Amino acid sequence: MTIISREETRNENMINEYTKELETLPKGKITPKTVNGKTYYYLYYRDGKKVVSKYVGKDEESLIAIREGLARRSQIEEIVKKLKEEKAQIKKLEAML
């Protein structure tokens, strides 16, 4: 097994692992709504063509876990993007050899 093929396998495994983790994390954006002077928080995300709103709570404390999940999702999406770029470079290198 060559170094390039090992790197290609490693790259594929990392993409698969990060993709699995993305499925467990929340997606979307938290938006506050004020009704009768009280603020309620909703998570808005797209499910196909439909925009879904999910009630998450009234206070900031109930949002901590969701905000952390959204931040982690953003980080992982960036990592996956870079891994896919790396995958394309590996393919080009393979073609050259």
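Basis for what follows: all heavy atoms, side chains included, without hydrogens, waters or symmetry-related copies. Only a predicted model underlies this, so the values are computations on that prediction, with no experimental measurement involved.
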Just verifying a value: how many Å separate Tyr44 OH and Ser53 OG, rounded to the nearest 0.5 Å? 4.5 Å
The reported gap from OG1 in Thr31 to NZ in Lys33 (rounded to nearest 0.5 angstrom) is 9.0 Å
Spacing of Tyr41 atom OH and Ile30 atom CD1 [to the nearest 0.5 Å]: 9.0 Å
If you measure from CD1 on Ile15 to CD1 on Ile79, what distance do you get to the nearest 0.5 Å? 11.5 Å
Donor-acceptor pair, side chain of Arg73 and main chain of Pro26, under 3.5 angstrom: yes
Could you list the residues that satisfy salt bridge (charged side-chain N to carboxylate O under 4.0 Å, His left out) with Lys20, not counting sequence neighbours? Glu17
ILVMFWY cluster, Leu83 and Leu93 together (side-chain gap under 4.5 Å): no
Using modelled atom types and a 3.5 Å cut-off, is there a donor and acceptor pairing between side-chain atoms of Thr2 and backbone atoms of Ser5? yes
Honestly curious: do Ile66 and Tyr55 fall in one hydrophobic cluster under the side-chain, below-4.5 Å linking rule? no
What closest approach, in Å, do Gly28 and Leu70 show between heavy atoms, and which atom pair accounts for it? O-CD2, 3.6 Å
Mark yes when over 12 heavy atoms from residues, nucleotides or ligands other than Tyr18 sit less than 6.0 Å from its OH; otherwise mark no. no
Both conditions, 6.0 Å and 45 degrees, for the charged tip of Lys54 above the ring of Tyr45: are they met here? no
How many angstroms lie between OH in Tyr40 and OG1 in Thr34, if you round to the nearest 0.5 Å? 9.5 Å
Give me each pair satisfying side-chain hydrogen bond (donor to acceptor under 3.5 Å, both in side chains) with a member in residues 81-97, each pair once, sequence neighbours excluded. Glu8-Lys91, Arg10-Glu86, Asn11-Glu86, Glu12-Lys87
Close side-chain approach of Leu22 to Glu77, heavy-atom, < 4.5 Å: yes
Val56 and Leu25: same hydrophobic cluster, using ILVMFWY side-chain contacts below 4.5 Å? no
Considering only heavy atoms from C-beta outward, does the side chain of Leu43 approach that of Lys29 to under 4.5 Å? no
Where do Glu21 and Ile76 land on the side chain to side chain contact (heavy atoms under 4.5 Å, CB included) test, with the steps shown first? CA-CA 8 Å; Glu21 187 176 349; Ile76 291 175; 3.3 Å; yes
Only counting residues at least two apart or in another chain, list the ones meeting salt bridge (charged side-chain N to carboxylate O under 4.0 Å, His left out) with Glu68. none
Just by distance, do the side chain of Arg46 and the backbone of Lys49 share a donor-acceptor pair under 3.5 Å? yes
The reported gap from CD1 in Ile90 to OG1 in Thr9 (rounded to nearest 0.5 angstrom) is 9.0 Å
